[in-house]
Engineer: 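Structure incoming, see below.
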2 protein chains.
Amino acid sequence: MAYDKENFRNVTIKDVAKRAEVSIATVSRILNGKDRVSPLLAERVLLATKELQYQPNDVARALKIKESRSIGLIIPDIENPFFPALVRGVQDAAKIHNYAVILCNTDGKTEEEKKYIQFLYSKRVDGIAFTESVDNKKNIALLDSLGIPVVLLDRRVEGMKASGVSTDNRLGAFMATKHLIERGKRRIAFISGLPKLSSGAERASGYQDALLSYNIQYDKKLAFIGAFTYESGYAAVENLLLSRYQFDAIFASNDIMAIGAIECLNQYGIRVPEDVAVVGFDDIRLATWYKPLLTTIRQPVYEMGQYAIKLLVEHITGERSSPHEKIFVPELMIRQSSGGLEESK
Amino acid sequence: MAYDKENFRNVTIKDVAKRAEVSIATVSRILNGKDRVSPLLAERVLLATKELQYQPNDVARALKIKESRSIGLIIPDIENPFFPALVRGVQDAAKIHNYAVILCNTDGKTEEEKKYIQFLYSKRVDGIAFTESVDNKKNIALLDSLGIPVVLLDRRVEGMKASGVSTDNRLGAFMATKHLIERGKRRIAFISGLPKLSSGAERASGYQDALLSYNIQYDKKLAFIGAFTYESGYAAVENLLLSRYQFDAIFASNDIMAIGAIECLNQYGIRVPEDVAVVGFDDIRLATWYKPLLTTIRQPVYEMGQYAIKLLVEHITGERSSPHEKIFVPELMIRQSSGGLEESK
DNA sequence: GTTATCCTTGTAAACGTTTACTTAACCTTT
DNA sequence: AAAGGTTAAGTAAACGTTTACAAGGATAAC
């Protein structure tokens with residue numbers, strides 16, 4: 001057998017104690033550096049750990065001190081270009097605090113979320129960072145009932161006891177729409193995200209606010225419900241085109257839908273930005289590689305991930321007791337798809 | 001305090017035992033379903049677990065049975081577009097077998113790799129899936145010495161005792177180069193990946209093999225050393241252009257470098273594919289969103305991730321004892337950047 | 001009706017730590 | 001020099017499971 005467990009007898013704190021001729025309590029104390037301990041013994045113990053190549057067993061430790069030093073990260077799908085930066089932010093921050101992060105992809109399915117929550121609870125993670133899907137209440141309640149610290153990513157839930165980090169979606173959508181209006185557009189189509197998600201709903205209202213403040217009538221026929229996917233962006237535009245309803249711009253609730261939209265426009269021989277200006281949301285990396293370069297609203301995704309863990313750790317340690325809502329401010333990235341920086345008409 | 005541990009007294013197997021009026025051994029047996037047990041007690045116990053909302057403590061279990069049901073996944077960077085699909089494949093496969101996956105980003109730094117290996121060992125993961133960076137020998141040896149089952153992703157290391165999964169890089173590079181040759185190209189520049197990586201080296205030799213088999217002289221001046229990054233692709237082409245050396249095609253060792261290369265060509269007013277044909281490697285999602293659509297060599301990245309875990313689990317369970325090398329076969333995806341499907345000159 | 005066999009359940013030890021409590025040695029202080 | 005105080009080290013219990021072993025009851029065999 002290639003990996004014969006017998007060959008690799010785990011060296012435990014007992015072995016170290018024996019070799020250094022002290023008690024296991026002393027070894028533990030020296031290794032954790034909490035209590036005072038004589039330098040002489042410390043040296044002997046440290047030597048023994050080197051000689052035996054002792055590596056503490058974190059699972060025993062976790063059992064005893066009821067702290068696994070691991071956190072769960074629940075997201076819909078790492079293959080969605082929005083998430084890698086978020087995950088990286090989470091992981092980098094976790095590393096600093098010495099937490100392991102357990103990654104879970106749910107595809108936005110409530111049932112999967114529930115399974116993973118229970119799974120993570122079995123593993124006794126110290127906290128969970130959660131980018132939730134649609135049907136919020138139930139799983140949030142579950143989390144509450146388990147008493148695990150939670151921070152919500154990119155979502156907001158009414159009356160939730162947990163902390164959250166997000167971007168000001170409403171403001172972002174407002175900025176995007178305003179940008180289009182200022183470039184002379186008046187018939188601005190809107191592709192929403194999942195309206196059940198706070199991010200989706202907020203972006204929709206930002207869009208409407210902007211129209212309102214420029215005295216442009218909100219037109220239902222220009223509003224489409226998307227699902228944050230390429231396909232839904234494409235489909236929305238196709239429907240719009242088929243309806244033969246006039247429009248001169250599109251604001252899509254995320255970049256992938258914006259790209260789907262542009263692809264569809266191109267397919268029908270409509271030029272971006274000459275015929276129709278397009279703005280997205282998120283500023284994923286692809287936005288600067290896609291042609292035309294995508295004008296979009298930047299969310300500081302990496303920082304959001306980092307901040308989420310900062311918050312989570314504060315809750316875990318008890319340093320912070322009451323929930324906190326961190327809202328990042330979005331930034332308009334003007335690029336080609338909205339006509340770039342040149343003057344309008 | 002928001003998360004008062006006292007309020008959420010963990011219910012243990014003892015509580016269940018008491019409630020069901022049986023011994024803890026019986027509870028354990030019923031829950032694990034190994035030994036025979038009377039239906040009557042089973043029912044009582046199951047009822048008690050429901051009533052108390054008992055969730056087994058996996059860390060205690062892990063300590064006892066020396067099996068944490070978690071695996072480590074070490075990659076350079078989840079933000080590199082190559083990895084999300086791989087990670088997803090790994091995670092989906094792990095889910096099936098009920099393993100938690102702990103994600104680690106090393107940025108390809110040997111030192112970070114080492115730290116994470118030790119970290120994961122402390123957590124007593126049951127196995128590690130490892131996409132290694134440059135300086136292989138040392139960390140591989142470390143893994144060997146720890147006796148943890150390992151499977152190597154997308155890399156091959158001589159004389160390694162671990163299993164590995166990869167794509168036939170040499171064949172892929174051969175196919176890419178051949179494709180360009182068959183489209184009439186003769187002066188094909190090559191941007192390598194990190195030559196210290198097996199994938200880098202193998203692609204280089206595939207390129208050379210193809211030239212050879214078409215009797216085209218290998219020309220050092222057309223070969224550039226890249227680092228699998230956008231910037232290195234861009235820089236390579238810029239150098240090539242500055243050298244004023246003639247070329248009519250580029251084969252880049254991955255898609256991001258190919259895109260960097262095309263961006264640079266565009267910057268200098270050179271059209272792709274009209275003036276220069278470009279082929280990449282990997283077939284990341286971006287390859288079909290980028291303009292021009294990127295001709296590339298597809299690696300079945302998701303499947304590779306899945307297969308790696310399949311292998312890893314087999315090693316963990318002892319089902320498979322000797323290392324196995326799984327090599328996927330690449331596929332040529334003909335798109336616009338090489339001139340598409342139209343006949344060549 | 002006694003003995004043997006089987007099967008279900010219980011008792012208790014173990015996994016590798018941390019830590020409350022005890023002990024003993026060494027300082028102070030008077 | 002005795003009493004008290006401080007400190008470093010050791011002993012043993014505990015964290016929540018699994019499981020070897022023991023025990024007892026029922027069934028089968030004679």
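Within every chain, numbering begins at 1; the chains are lettered A, B, ... in the order of the sequence lines, protein sequences first and strands thereafter.
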Engineer: Tell me the interatomic distance from B/Ile65, atom CD1, to D/dA20, atom C1', rounded to whole angstroms.
Structural biologist: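 From B/Ile65 CD1 to D/dA20 C1': 16 Å.
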
Engineer: Starting at the 5' end of DNA chain C, which residue's closest nucleotide do you reach first, B/Ser38 or A/Lys64?
Structural biologist: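 The residue mapped nearer the 5' terminus is B/Ser38.
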
Engineer: Rounded to the nearest 0.5 Å, what separates atom CD in A/Gln91 from atom CD1 in B/Ile102?
Structural biologist: 10.0 Å

Engineer: Using a cut-off of 6.0 Å, state whether more than 12 heavy atoms not belonging to B/Glu51 lie near its atom CD.
Structural biologist: yes

Engineer: Which value, rounded to the nearest 0.5 Å, describes the distance between A/Leu142 atom CG and A/Lys138 atom NZ?
Structural biologist: 10.0 Å

Engineer: Rounded to whole Å, please give me the gap between CZ in B/Arg44 and C1' in C/dG10.
Structural biologist: 13 Å

Engineer: For B/Asn105 and B/Tyr116: C-alpha separation, side-chain torsions, deciding distance, then whether side-chain hydrogen bond (donor to acceptor under 3.5 Å, both in side chains) applies.
Structural biologist: CA-CA 9 Å; B/Asn105 293 284; B/Tyr116 271 125; over 6 Å; no

Engineer: Check the angle between the aromatic planes of B/Tyr307 and B/His324 and answer parallel, tilted or perpendicular using the 30° and 60° thresholds.
Structural biologist: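 It falls in the tilted class, 30° to 60°.
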
Engineer: Can you tell me the distance, in whole Å, between the CG atom of B/Asn57 and the C1' atom of C/dC15?
Structural biologist: 13 Å

Engineer: If you look at every strand shown and take non-hydrogen atoms under 4.0 Å, does B/Asn32 touch a base, only sugar-phosphate, or nothing?
Structural biologist: sugar-phosphate

Engineer: What are the residues of residues 19-30 of chain A, sorted by number, that bring a heavy atom to within less than 4.0 Å of DNA chain C?
Structural biologist: A/Ile24, A/Ala25, A/Ser28, A/Arg29

Engineer: Taking OP1 and OP2 of D/dG16, is either one under 4.0 Å from a side-chain nitrogen or oxygen of A/Lys66?
Structural biologist: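 For A/Lys66, the contact criterion (side-chain N or O under 4.0 Å from OP1 or OP2 of D/dG16) is met.
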
Engineer: Check whether B/Phe328 forms a cation-pi arrangement with B/Lys326 (NZ or CZ under 6.0 Å from the six-membered ring centre, at most 45° off the ring normal).
Structural biologist: yes

Engineer: Contact class for B/Val59 (heavy atom, under 4.0 Å): base, sugar-phosphate, or nothing?
Structural biologist: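 The residue B/Val59 makes no contact with any strand.
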
Engineer: Take atom CZ of B/Arg36 and atom C1' of D/dG25, then tell me their distance rounded to the nearest Å.
Structural biologist: 17 Å

Engineer: Rounded to whole angstrom units, what separation is found between the CZ atom of A/Arg69 and the P atom of C/dT17?
Structural biologist: 17 Å

Engineer: Rounded to the Å, how far apart are B/Lys18 NZ and C/dG10 C1'?
Structural biologist: 16 Å

Engineer: Is a side-chain N or O of A/Arg155 found less than 3.5 angstrom from the main chain of A/Glu132, in a donor-acceptor match?
Structural biologist: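 The answer is yes, because a donor-acceptor pair under 3.5 Å joins these two groups.
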
Engineer: Atom NZ of B/Lys14 to atom P of D/dG16: distance rounded to whole Å?
Structural biologist: 7 Å

Engineer: In whole angstrom, give the distance that lies between atom CD of B/Glu67 and atom P of D/dT17.
Structural biologist: 16 Å

